[in-house]
Protein chains: 2
Amino acid sequence: MPTPHPPHDAAPLAERLRAQGLRLTSQRQRVLAAVAGLEHATPEAIATRLREEAGPDGAAPDTSTVYRTLELLERLGLVWHTHLGKGAPVYHAAEHPHLHVVCAGCGAISSVDPALLDSAAERLAAELGFSLDVGHVALSGTCRACRDRVGTEP
Amino acid sequence: MPTPHPPHDAAPLAERLRAQGLRLTSQRQRVLAAVAGLEHATPEAIATRLREEAGPDGAAPDTSTVYRTLELLERLGLVWHTHLGKGAPVYHAAEHPHLHVVCAGCGAISSVDPALLDSAAERLAAELGFSLDVGHVALSGTCRACRDRVGTEP
DNA sequence: CTTACTGCAAACACTTTGCAAAGTA
DNA sequence: TACTTTGCAAAGTGTTTGCAGTAAG
């Protein structure tokens with residue numbers, strides 16, 4: 001079983017930055033750690049978490065830095081993001097990609113095995129030459145609870 | 001083969017509005033017609049189109065009216081929208097729902113048969129009690145052209 | 001020391017809301 | 001007339017950008 005909250009091993013970050021002549025900064029380390037420690041983290045949520053961690057006196061990375069850093073980390077392959085529908089995208093630590101399923105009624109998010117779309121991906125590849133990126137968007141629908149609720153509360 | 005630009009039969013609109021004690025206005029007719037006449041229309045694109053149709057002197061519906069109207073038309077089942085990723089959602093006339101596939105590289109949009117996800121939908125229903133709304137989000141990936149371009153222009 | 005990075009503030013894109021005037025039934 | 005809609009203007013999110021000062025290598 002995977003470690004719940006990996007204390008974020010910073011090594012890959014330092015390496016990949018160095019490989020491109022980029023610099024290791026505390027902001028970059030902190031943003032990466034925040035993404036790793038949160039689930040389905042929006043940029044806003046990440047910024048908030050960083051402010052909490054910094055405390056009332058400490059300085060947290062600026063919002064614009066959070067955005068810029070997320071973009072960078074994604075280019076480096078350390079994080080990825082998914083659009084859950086409307087609103088802000090959510091970021092994940094790179095590890096095991098997964099597919100999201102969101103309830104349009106209550107917003108509940110489930111993670112499912114990306115293999116769910118394997119056959120669809122194969123058909124798209126064969127018929128359109130299109131290679132599916134399973135993780136980048138979430139599937140939308142209605143969860144059992146919301147479906148049961150129909151008719152119960154008009 | 002389907003009619004290219006159906007001249008938008010307004011009957012269903014009038015009926016459904018009346019059925020709910022709502023009113024038929026020219027704005028509502030115009031917004032519906034614009035959605036029917038455009039493909040993958042964002043609210044902004046719809047507003048622009050309406051401005052063009054109104055001409056330099058005529059009055060086009062206000063942006064806020066466009067948003068309110070799209071929401072209404074969707075409740076009435078006359079249009080539906082899809083999130084293509086980041087940015088504004090796109091609206092479609094209700095008719096035949098379809099699934100969108102977007103290239104992350106060039107933004108090209110393909111429409112595919114929703115049946116593509118039938119087996120995935122069945123598994124989600126069986127395993128999670130989740131009913132998939134196939135049209136609400138687009139699948140993301142890379143189209144053949146963008147894939148071929150990799151390595152050609154670094 | 002050189003050049004990348006950050007914080008700040010302002011601008012942007014997309015939507016929503018309150019309210020008085022206008023329009024439909 | 002009674003009640004729904006609209007337009008306008010302003011406020012709300014979510015995100016990006018220009019730039020001068022700060023800091024990593």
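Just so we're on the same page: letters track the sequence lines, and every chain starts at 1.
Considering A/H81, A/H40, A/H136 in turn, A/H40 is the only one that fulfils the ring pair (Phe, Tyr, Trp, His ring centres under 6.0 Å) rule with A/H92.
Contact between the side-chain N/O atoms of B/Y67 and the OP1/OP2 oxygens of C/dT16 is not found at any separation under 4.0 Å. The side chain of B/S64 contributes no N or O atom lying less than 4.0 Å from OP1 or OP2 of C/dT15. Listed pair B/Q27 / C/dG23 fails the phosphate criterion, with no side-chain N or O lying under 4.0 Å from OP1 or OP2. Between A/R23 and the phosphate of D/dA23, there is no side-chain N or O to OP1/OP2 separation shorter than 4.0 Å. Between D/dG7 and B/T65, a contact under 4.0 Å exists linking OP1 or OP2 to a side-chain N or O. The shortest distance between the side-chain N/O atoms of A/R68 and the OP1/OP2 oxygens of D/dT16 is not below 4.0 Å.
Here C/dA13 presents its P atom at 9 Å from CD of B/E44, a figure rounded to the nearest Å. Rounded to whole angstrom, the span from the CZ atom of B/R18 across to the C1' atom of D/dT4 amounts to 14 Å. Distance, B/Q20 CD to C/dT24 P: 20 Å, rounded to whole Å. The distance from atom CD of B/E71 to atom C1' of C/dC14 is 15 Å, rounded to the nearest whole Å. To the nearest angstrom, C1' of D/dT4 lies 7 Å from CZ of B/R28. Separating the CG atom of B/L70 from the C1' atom of D/dT5 is a distance of 15 Å, rounded to the nearest angstrom. Between B/D62 atom CG and C/dA20 atom C1' the separation is 14 Å, expressed in whole Å. Between A/L24 atom CG and C/dC5 atom P the separation is 10 Å, expressed in whole Å.
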One pair to check against side-chain contact (heavy atoms from CB on, under 4.5 Å): A/L13 and A/L24. What are the steps and the verdict? CA-CA 8 Å; A/L13 174 58; A/L24 180 62; 3.9 Å; yes
Trace of the side-chain contact (heavy atoms from CB on, under 4.5 Å) decision for B/S110 with B/H100: CA-CA 6 Å; B/S110 305; B/H100 293 93; over 6 Å; no
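Between atom CG of residue A/L116 and atom CD of residue B/E127 there is a gap of 7.5 Å, rounded to the nearest 0.5 Å.
Nearest-nucleotide assignment on DNA chain C puts the 5′-proximal partner with A/T63, out of A/T63 and A/K86. Residues B/L17 and A/T25 both approach DNA chain D. Their nearest nucleotides, taken by heavy-atom distance, put B/L17 toward the 5′ side. If you find the closest nucleotide of DNA chain C to B/A88 and to B/L22, the one lying nearer the 5' end belongs to B/A88.
You'll find that the side chain of A/P89 is closest to D/dT15, out of D/dT5, D/dT15, D/dG7.
Counting only N and O atoms by type, the side chains of A/S64 and A/R68 include a donor and acceptor under 3.5 Å apart.
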